[in-house]
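Just so we're clear, the structure is a prediction, and the values are computed from it rather than from any experiment. Letters A, B, ... mirror the listed sequences (proteins, then strands); counts begin at 1.
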Amino acid sequence: MGSHEVAGEHQVAHHFKSALDEFEACKQAMWIFLVTEVLFFSGLFVAYTVLRVFEPEMVKAAHHFLDWRLGALNTVFLITSSLTMAFAVSASQRGDNKRVVRQLIYTLILACGFCVVKIYEYSHKFHDKLLPGAHFGNTELTANKAGLFFSVYFVMTGIHALHVVIGMGVILWVILRARKNEFSPNYFTPVEITGLYWHFVDLVWIYLFPLLYLVG
Amino acid sequence: MGHGVALAHGDNYINHSKGLKSWLNTLDHKRIGIMYLIAILSFFLVGGIFAMLIRLNLFSPGSTLVSPSKYNQLFTYHGAIMVFMVIIPMIPAAIGNMVLPMMLGAKDVAFPRWNLASFYVYLSGAAIACASLFLNGVDTGWTFYTPYSIRTSTSAVWVLLGAFVMGFSSILTGLNFVVSIHKLRAPGMGWGKMPLFLWALYGTSVIQILATPVLAITLLLAALERIVGIGIFDPALGGDPVLFQHFFWFYSHPAVYIMILPAMGVISEVVPVFSRKPIFGYTAIAMATFGIALVSFVVWGHHMFVSGQSEFANFLFSLITMFVAIPTGVKVFSWLGTMYKGSLHFHAPMLYAIGFIFVFTIGGMTGMFLATLATDVHLTDTYFVVAHFHYVMVGGSLLGFLAGLHYWFPKFSGKMYAETPAMIAAILINVGFNVTFFPQFILGVLGMPRRYADYLPQFTTLNRVSTVGSWIIAAGFLLVLFYLIHALLRGKKASDNPWKALTLEWQSPSPPPHENFLVEPVVTDGPYDYRGAKAGPI
Amino acid sequence: MADSNQHHKNHEHHILADSTAKQVFVALIVLTIVTVATAQVDLGIFNFAVAMLIASVKASLVFMIFMGLKYDHRENSVIFGSSLVFMACFFVLCFADLLTRGDVYVKGSILPESLVSQPSKFPKAWVSTQELVAHGKELYSAQCVSCHGAEGAGNGIAAAALNPKPRNFTVADGWKNGPKPSQIFGTLTKGLNTMPAFASLPPPDRWALAHYVRTFGPHESAQDTAADFAKVGVDPNKAEDASAGPTSIPVDAAIDLLSTD
């Protein structure tokens, strides 16, 4: 494999036989990392299901205090950002660094939109004392153990939002590298694995939205 | 090895670059492994001192050495340090890091930077956990059961977060190993020609990847429970404390196999080398490794038989747990089959390996007693449980580690240790171990509960025997420390392949060069083809 | 590896066409609208099932096309699939316990009617009788003998491990709470130093123990006054059960409950 004829700065690490080997290894590592993410979130999903199964009335009553329109808006933000991310990845595979930068900036803007909506939601929850466990103090929602629903809500969406913020940082780093024309059809690993991560963040939200906002 | 020997012995990974900074910033897996080894042995010393204090306090009934609340902290730190900082990273992160790429015939692990990062993550996690020592300590036991861990006035949050951080280090190591095994095997090394130590590390890594994230979320939720009061595990707020135990053991039962599988891998290397015979049942051992890894995820409820878990779940977990015995038995019989009619060489690694098979079998069989629902209800939280898991963790993991340490020591230090003190130490540790922990089986059956600073006077004799045993183990370890340091400073030069082993790491000079091999190795024969001239004596 | 190198050489990076990406995007938006719409209709338990089904279709579009598992090595599909398998194990076995834990979610009293309203065999248990002393002796040999000894001299087998030493009942002096029946009753209810509280014994049993313990020594002179009775919440004129303290479940009844559960 001729990794040396390739334009650009990237040097294949000494212990890999080829650029393709290195790419495949990095991509697989990302998939393994996503496996750990699935199992990390699974604990929260179990905690949620416990509430849903044993306190169905409470969950139903409590979810009316979340605004599904804001949840839906955030869903649209994330799905659209997944599309722009997919565009960015295929652009990097073609070596079109300009388009990579453009599409990633769109992705960042959409992610900012998501965060703004989230902050708006959180500030309302704090104002209405719709808070986790011991701090729950809302007087309108009288259902037994309603604090637990908001514990699960805050921990799940909080950890998800943390992932969004980390993802934004990584996207910014990739933008800076793309501006230096670092990516080419032979080396686009950072864009590809950032894409995997970002799609996964979207994937988690796809479940969080109906579970938290649309109990029915 | 005719070519380039002179060059090789001039330049190796130890003298390749000089200065403390060249070690702290190194990306060389061998140096990272050695830094792990030093850190782990230091924590082992600390955890060991706590263990000696526990045994000393139990030398006589009544309040002797420490107050009951200090005693609670002693066994908590002993458990937490030994589990999270010593046994879990001991073989994979220290020995595995050094050996795995060489066994693969690779120049390094797949992601050297992440490898170094994992070491510093481990150190930071350990530092956070140990910070609690200088605050209010922690007295929850290493299991952090709620609701006590929410209410205790001690600094439980620090240890929770420390273990949380160390989990990332464990995940990084596992991830690195899986990708390395998938992508960096030497030409000719198909899955069926991979040494069994690599199969064991592969199985271990799979568990680290799949189970550790659940520990992370569990510890995070427990910490939030203390800091914010989220209530998911807190009965006072409507939560379920037994759910915490489910979460905790979903990680911590598979974690038991993170501890034992690599040790089994070491034994699978050592036994054929010192029996001068091909391994018996290569495929069976490799598959059993995976069998154990998979079954380990569906048996966790056997830690919870008296927790208030439903009787149906008790029955189910009791039943599934029995299946662990099958792959484990396959391994034990395969090792015995390898030794049968072999020409056995009783060097130090082999003595530890035989000790391992002996005590691990006892540990495993008593595990079956505890998996049996009705028996467990009687034995839960007695010294029988303490003896059982020490037979598996100390007798299993630690003896496996010592076997590996003595087996690979000449390769990575380039020096040979003195044979006689090594054999004396192996015998001291094996005997001391049994003297310490066998009486605890009897104490447990008689009903002595664990985790108390005191006991009834009728248990005095057996407790004294146990404490004396702990001194014998300590003497053995001090001897090991002494002759290994002596070997490093003035040991004889080790040859490239002192045990005449066939796996790839022995084809490289001792100590190996910076990039592991002088020529890229190509695998033609299996790792255990001890036939004809290759089966000759060591 | 020779074979897989060959494979690598033939392997081209798959580039996702913009048109495919757009189609997936439209599908995801449409499915989001469908989820929101179905949530407005009450389908009972099916709401949850439908929502999860739609979410899973959306998720598989994301990981098959956007994340490219469809075009990738099978290895990566196996890796990602394993996370779902083990997550399923986590769910199934947690709920194997939670859903079959009948006793935790029982509403109302878990004690059978007969146990709750059983009349005591010993009304006015604060007045010593032959039967009470005999009953006290039985209880003493089960509950107290290991520390206080068979002769009540405070020299049971476990006494050696205790500090301060257990009470010697045969001497008149040194009783921390006093040797009157109500005072011993109080000690039994609350515990003292290393002695645990025996509040789980029903009050008549505690009175019976008090009367029996007094037979070891010269305590005839120490008798209860009205003020003493008031301290432990007993009205000596009422011919009722002296039920000071909260009701608790007798051990036998608890074992019966467990075995019939």
Side-chain angles (χ1 to χ4, degrees), chain A residues 1 17-18 20-21 23-24 27-28 30-32 34-39 41-43 45-46 49-50 52-54 56 68-69 71-72 75-76 79-80 82-87 89-91 93-94 185-186 188 192 195-196 198-200 202-204 206-211 213-216, chain C residues 1 5 8-9 11 13-18 20-22 24-25 28-29 31-33 35-36 38-44 46-48 50-52 54-56 58-59 62-63 65-69 72-73 75-77 79-84 86-88 90-91 94-95 98-99 104-105:
Chain A
M1 283 300 282
K17 289 183 188 70
S18 68
L20 191 61
D21 268 2
F23 168 78
E24 305 255 316
K27 193 170 173 184
Q28 183 164 79
M30 194 62 206
W31 275 110
I32 294 173
L34 294 182
V35 165
T36 69
E37 289 279 21
V38 170
L39 282 140
F41 276 102
S42 71
F45 284 114
V46 169
T49 314
V50 169
R52 182 90 183 240
V53 170
F54 293 108
W68 68 263
R69 285 161 303 188
T75 310
V76 173
I79 290 176
T80 317
S82 260
L83 178 71
T84 55
M85 179 53 91
F87 286 158
V89 171
S90 55
Q93 287 172 312
R94 297 192 183 91
N186 289 295
F188 54 88
E192 171 88 23
L196 287 179
W198 192 255
H199 292 310
F200 179 79
D202 182 21
L203 203 116
V204 173
I206 284 175
Y207 282 95
L208 289 187
F209 173 54
L211 286 178
Y213 293 81
L214 302 171
V215 173
Chain C
M1 281 300 274
N5 273 345
H8 281 190
K9 274 175 191 149
H11 182 75
H13 292 300
H14 178 266
I15 301 182
L16 184 65
D18 283 5
T20 319
K22 280 177 192 158
V24 172
F25 169 74
L28 289 173
I29 294 289
L31 286 168
T32 306
I33 296 169
T35 322
V36 173
T38 52
Q40 312 306 318
V41 190
D42 191 6
L43 303 168
F46 291 106
N47 271 118
F48 183 68
V50 169
M52 284 301 95
I54 298 174
S56 299
K58 285 165 77 181
V62 171
F63 64 70
I65 317 261
F66 277 167
M67 298 167 88
L69 268 190
D72 210 340
H73 286 295
E75 226 168 57
N76 288 342
S77 300
I79 288 171
F80 188 62
S82 70
S83 74
L84 304 179
F86 285 88
M87 187 165 103
F90 190 22
F91 263 87
C94 274
F95 281 90
L98 292 162
L99 290 174
V104 176
Y105 295 97

Chemist: To the nearest 0.5 Å, what is the distance between CG on C/Leu28 and CG on A/Asp202?
Modeler: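 Spacing of CG (C/Leu28) from CG (A/Asp202) equals 7.0 Å.
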Chemist: Can you tell me which portion of A/Ile79 sits under 4.5 Å from chain C's heavy atoms? Options are side chain, backbone, both or neither.
Modeler: both
Chemist: Taking the six-membered ring for Trp, are A/His199 and C/Phe66 parallel (under 30°), tilted (30 to 60°) or perpendicular (over 60°)?
Modeler: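 Parallel: the ring planes of A/His199 and C/Phe66 meet at under 30°.
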Chemist: Checking A/Phe45 against chain C: side chain, backbone, both or neither under 4.5 Å from a heavy atom?
Modeler: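 Both parts, backbone and side chain.
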Chemist: Heavy-atom pairs under 4.5 Å with chain A - which of C/Ile54, C/Asp18, C/Val62, C/Thr35 has more of them than the others?
Modeler: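 The residue among C/Ile54, C/Asp18, C/Val62, C/Thr35 with the greatest pair count is C/Asp18.
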Chemist: How about C/Phe25 and A/Ser82: do any of their side-chain heavy atoms sit closer than 4.5 Å?
Modeler: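 No, every pair of side-chain atoms sits at 4.5 Å or beyond.
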Chemist: Return the OG to CH2 distance between C/Ser83 and A/Trp31, rounded to the nearest 0.5 Å.
Modeler: 9.0 Å
Chemist: Are C/Met52 and A/Pro210 packed together at the side-chain level, in the sense that at least one heavy-atom pair is separated by less than 4.5 angstrom?
Modeler: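 Counting from C-beta outward, C/Met52 and A/Pro210 do come under 4.5 Å.
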Chemist: Side-chain contact test, heavy atoms from C-beta onward, threshold under 4.5 Å: evaluate it for A/Trp198 versus C/Met67 and give yes or no.
Modeler: no
Chemist: With rounding to the nearest 0.5 Å, note down the distance linking CD in A/Glu24 to CG in C/Asp72.
Modeler: 7.0 Å
Chemist: Which atoms of A/Val53 come close to chain C, meaning under 4.5 Å heavy atom to heavy atom: side chain ones, backbone ones, both, or neither?
Modeler: side chain
Chemist: Nearest 0.5 angstrom please: C/Phe91 CZ to A/Thr49 OG1, how far?
Modeler: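 Rounded to the nearest 0.5 Å, the CZ-OG1 separation comes out at 3.5 Å.
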Chemist: With a 4.5 Å cut-off on side-chain heavy atoms, are C/His13 and A/Leu20 touching?
Modeler: yes
Chemist: Mind ranking A/Phe188, A/Phe41, A/Tyr213 by heavy-atom pairs under 4.5 Å with chain C and telling me who comes out on top?
Modeler: A/Phe188
Chemist: Count the heavy-atom pairs under 4.5 Å between each of C/Cys94, C/Ser56, C/Ser82 and chain A, then report the option with the highest count.
Modeler: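 Going by pairs under 4.5 Å, I would pick C/Ser56.
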Chemist: With a 4.5 Å heavy-atom cut-off, do C/Leu98 and A/Phe54 have their side chains touching?
Modeler: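 Answer yes - side chains close enough.
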Chemist: Please examine the side chains of C/Met87 and A/Val46, heavy atoms only from C-beta on, and report whether any two atoms are closer than 4.5 Å.
Modeler: no
Chemist: Side chain, backbone, both or neither: which part of A/Pro56 has a heavy atom under 4.5 Å from chain C?
Modeler: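 Looking at A/Pro56, nothing touches chain C.
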Chemist: Check the surroundings of atom CZ in C/Phe46: do more than 12 heavy atoms from other residues, nucleotides or ligands lie under 6.0 Å from it?
Modeler: no
Chemist: Quick one: what part of A/Thr36 sits under 4.5 Å from any heavy atom of chain C, side chain, backbone, both or neither?
Modeler: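 Neither part, no heavy atoms under 4.5 Å.
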Chemist: What part of A/Thr75 is in contact with chain C, defined as an atom under 4.5 angstrom from a non-hydrogen atom: side chain, backbone, both or neither?
Modeler: side chain
Chemist: Work out which heavy atom in C/Ile15 is nearest to a heavy atom in A/Ser90; give both atom names and the distance.
Modeler: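 Scanning both residues completely, I find the closest heavy atoms to be CG2-CB, 3.7 Å.
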Chemist: How about A/Val38 and C/Phe80: do any of their side-chain heavy atoms sit closer than 4.5 Å?
Modeler: yes
Chemist: Mind checking the CZ-CG spacing from C/Phe48 to A/Leu211? Nearest 0.5 Å is all I need.
Modeler: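 Rounded to the nearest 0.5 Å, the CZ-CG separation comes out at 6.0 Å.
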Chemist: Go through the atoms of C/Thr38 and report whether side chain, backbone, both or neither lie under 4.5 Å from a heavy atom of chain A.
Modeler: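 For C/Thr38, there is no contact with chain A at all, as no heavy atom is under 4.5 Å.
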Chemist: Under 4.5 Å heavy-atom distance to chain C, tell me which part of A/Phe209 shows up: side chain, backbone, both or neither.
Modeler: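 For A/Phe209, side-chain heavy atoms alone lie under 4.5 Å from chain C.
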Chemist: Using the side chain to side chain contact (heavy atoms under 4.5 Å, CB included) rule, take C/Lys22 and A/Phe87 through it: C-alpha gap first, then chi angles, then the decisive distance, then the call.
Modeler: CA-CA 9 Å; C/Lys22 280 177 192 158; A/Phe87 286 158; 3.8 Å; yes
Chemist: For residues C/Ala55 and A/Ile206, report the shortest heavy-atom separation together with the two atoms involved.
Modeler: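 Of all heavy-atom pairs spanning C/Ala55 and A/Ile206, the closest is O-CG2, 3.5 Å.
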Chemist: Please evaluate residues C/Val36 and A/Leu214 with respect to the criterion side chain to side chain contact (heavy atoms under 4.5 Å, CB included), reporting the C-alpha separation (whole Å), side-chain torsions for both, the decisive distance (0.1 Å), and the verdict.
Modeler: CA-CA 7 Å; C/Val36 173; A/Leu214 302 171; 4.2 Å; yes
Chemist: Would you find a donor on one side and an acceptor on the other, under 3.5 Å apart, between the side chain of A/Gln93 and the backbone of C/His14?
Modeler: yes
Chemist: For C/Phe90 and A/Ser42, which heavy atoms make the closest approach, and how far apart are they?
Modeler: CD2-OG, 3.5 Å
Chemist: If I take atom CG from residue C/Asn76 and atom NZ from residue A/Lys27, how far apart are they, to the nearest 0.5 angstrom?
Modeler: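 Interatomic distance, C/Asn76 CG to A/Lys27 NZ, rounded to 0.5 Å: 6.5 Å.
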Chemist: Less than 4.5 Å to any heavy atom of chain A: does that hold for the side chain of C/Phe95, its backbone, both, or neither?
Modeler: side chain
